[in-house]
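Presented below is the structure to which this report refers.
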Amino acid sequence: MTGRSAWPWFVALLLAASPGARAAGACTSSAQATLKACGFAAADDFWIAQAQCDHLRSASDAATCREEAKSGLKEAHDECREQHDARLEACQALGEAAYDPVIDPARFVDPASIGGSIAPNPFMPLVRGRMWRYAGGGESIEVTVTNEVKTILGVRCAVVRDTVREDGEVIEDTEDWFAQDIHGNVWYFGEISREFEDGELISLEGSWKAGVDGAKPGIVMKAQPMVGVTYRQEFAIGSAEDLAKVVSVTGSAQTPATRCVNNCLVTRESTPLSPGDAEFKYYAPGIGLILEVNAQTDERVRLVEFSH
């Protein structure tokens with residue numbers, strides 16, 4: 001039996017996910033449409049694999065190839081469904097309204113003024129020259145607020161460099177683009193994420209930029225976090241869909257570099273792109289992120305050094 005028997009499943013998926021008149025709301029309708037897109041992508045990979053199998057000389061190798069393609073399609077199908085369920089769960093927390101923030105450049109501050117005439121967000125101080133070093137999971141991470149500026153949708157964004165090393169070798173080097181509005185909220189306008197292996201660039205996966213291909217900025221840190229509130233930190237469907245929920249504003253944590261006692265902001269951060277995965281993040285006022293805890297494994301990334 002070839003993998004072509006999986007085709008009726010794909011037809012059923014498309015019929016089940018057919019977009020309607022958004023009667024269920026924009027968020028649910030978007031989740032349904034994304035499920036459909038996921039099905040198309042899975043089918044595309046499946047048929048490409050089938051075409052490659054047709055060019056194998058050995059009948060047994062071709063048969064094995066087709067079985068692997070079938071297995072891959074099932075795995076992709078399961079992942080599509082799990083992501084869909086996670087998006088529907090997110091809709092329950094976020095509400096059904098369309099996500100379409102109004103971005104007015106006049107309502108954002110000059111990155112160069114943060115820490116001077118403009119007070120920084122206490123939980124994410126984008127002050128030029130600030131540096132944080134973290135360690136955990138066999139990795140070391142250095143985050144620096146640079147003097148660079150990137151203009152996106154007319155907004156001047158601070159460029160933050162995030163470099164991850166393993167055994168002294170750079171495995172990821174990211175530029176994040178953040179902007180603080182006049183109320184103190186910190187917005188996330190995108191990133192260019194470079195992954196390396198043996199010194200060679202192997203992936204730009206996860207990169208996105210507000211205003212490109214429907215991507216929109218999200219709020220990565222609220223000016224006044226409220227317990228129980230869930231919000232979008234980024235919005236590029238299929239690439240960047242991080243969510244945060246405020247768990248506590250009276251948390252406590254200790255790391256090699258600092259600690260907070262009953263005044264840490266604690267968030268639970270997750271993404272429908274990785275259903276079941278989540279992190280608890282602890283932010284100390286005046287410093288920023290000091291601790292990440294993997295909700296599944298309890299693996300921790302701790303702040304080991306920082307500079308003002």
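Residues Glu292 and Tyr134 have side chains not in contact (no heavy-atom distance under 4.5 Å, counting atoms from C-beta outward). Side-chain atoms of Tyr231 and Val246, non-hydrogen and from C-beta on, do get closer than 4.5 Å to each other. Here the side chains of Cys91 and Glu96 are in contact, with some heavy-atom distance below 4.5 Å. Phe108 has its side chain within reach of Ile103: a pair of non-hydrogen atoms, C-beta onward, lies under 4.5 Å apart. Counting heavy atoms from C-beta outward, Glu241 and Arg87 have side chains that approach closer than 4.5 Å. The side-chain heavy atoms of Val249 and Val227, taken from C-beta on, include a pair separated by under 4.5 Å. For the pair Asp54/Arg66, a side-chain contact is recorded, criterion being any heavy-atom separation below 4.5 Å from C-beta on. Side chains of Arg194 and Leu204 form a contact here, defined as non-hydrogen atoms less than 4.5 Å apart.
Taking every heavy atom of both residues into account, Cys65 and Ala49 meet most closely at SG-O, 4.0 Å. Closest approach of Arg232 and Cys27 over heavy atoms only: NH2-SG, 3.8 Å. Taking each heavy atom of Ile287 and Trp132 in turn, the nearest pair found is O-NE1, 2.8 Å. Between Cys260 and Ile290, the shortest heavy-atom contact is SG-CD1, 3.9 Å. Smallest separation of non-hydrogen atoms from Pro120 and Ile114: CB-CG2, 3.6 Å. In plain terms, the two heavy atoms of Val145 and Pro125 that are nearest each other are CG2-O, 4.4 Å.
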Would you please test Ile118 and Asp110 for side-chain contact (heavy atoms from CB on, under 4.5 Å) and show each step?
CA-CA 9 Å; Ile118 302 294; Asp110 182 354; over 6 Å; no
Mind running side-chain contact (heavy atoms from CB on, under 4.5 Å) on Val143 and Ile141 for me, showing each step along the way?
CA-CA 7 Å; Val143 179; Ile141 304 159; 4.1 Å; yes
Between Leu291 and Leu303, does a side-chain contact (heavy atoms from CB on, under 4.5 Å) hold up when you go through it step by step?
CA-CA 6 Å; Leu291 176 66; Leu303 181 68; over 6 Å; no
I'd like to know whether Asp176 forms a salt bridge (charged side-chain N to carboxylate O under 4.0 Å, His left out) with Lys150, so could you lay out the CA-CA distance, the side-chain angles of the two residues, the decisive distance to 0.1 Å, and finally the verdict.
CA-CA 10 Å; Asp176 294 303; Lys150 187 173 183 68; over 6 Å; no
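Under the 4.5 Å side-chain heavy-atom criterion for grouping Ile, Leu, Val, Met, Phe, Trp and Tyr, Ile237 is connected to Ile219 within one hydrophobic cluster.
Relative ring orientation between Trp187 and Phe189 is described as tilted, the plane-to-plane angle lying within the 30° to 60° band.
Checked by atom type and distance alone, the side chain of Asp167 never pairs as donor or acceptor with a backbone atom of Glu169 at under 3.5 Å. Side chain of Asn121 to main chain of Gly184: a donor-acceptor pair is present (N/O by atom type, distance under 3.5 Å, no hydrogens or angles). Side-chain atoms of Thr255 come within 3.5 Å of backbone N or O of Thr258 as a donor-acceptor pair.
Glu89 CD: 12 or fewer foreign heavy atoms inside a 6.0 Å radius. Atom CD of Gln224 is surrounded by 12 or fewer heavy atoms from other residues, nucleotides or ligands within 6.0 Å. Crowding of Arg300 atom CZ: a count of heavy atoms from other residues, nucleotides or ligands under 6.0 Å exceeding 12. Within 6.0 Å of CG in Asn147 there are more than 12 heavy atoms belonging to other residues, nucleotides or ligands.
Residue Val155 is tested with Pro105, Pro111, Pro217 for a side chain to side chain contact (heavy atoms under 4.5 Å, CB included); the sole match is Pro105.
Under 4.0 Å is where a charged nitrogen must lie from a carboxylate oxygen, and between Asp173 and Arg165 no such pair does. A salt bridge is defined here as a Lys NZ or Arg NE, NH1 or NH2 lying under 4.0 Å from an Asp or Glu carboxylate O, and Arg81 with Asp85 fails to meet this definition.
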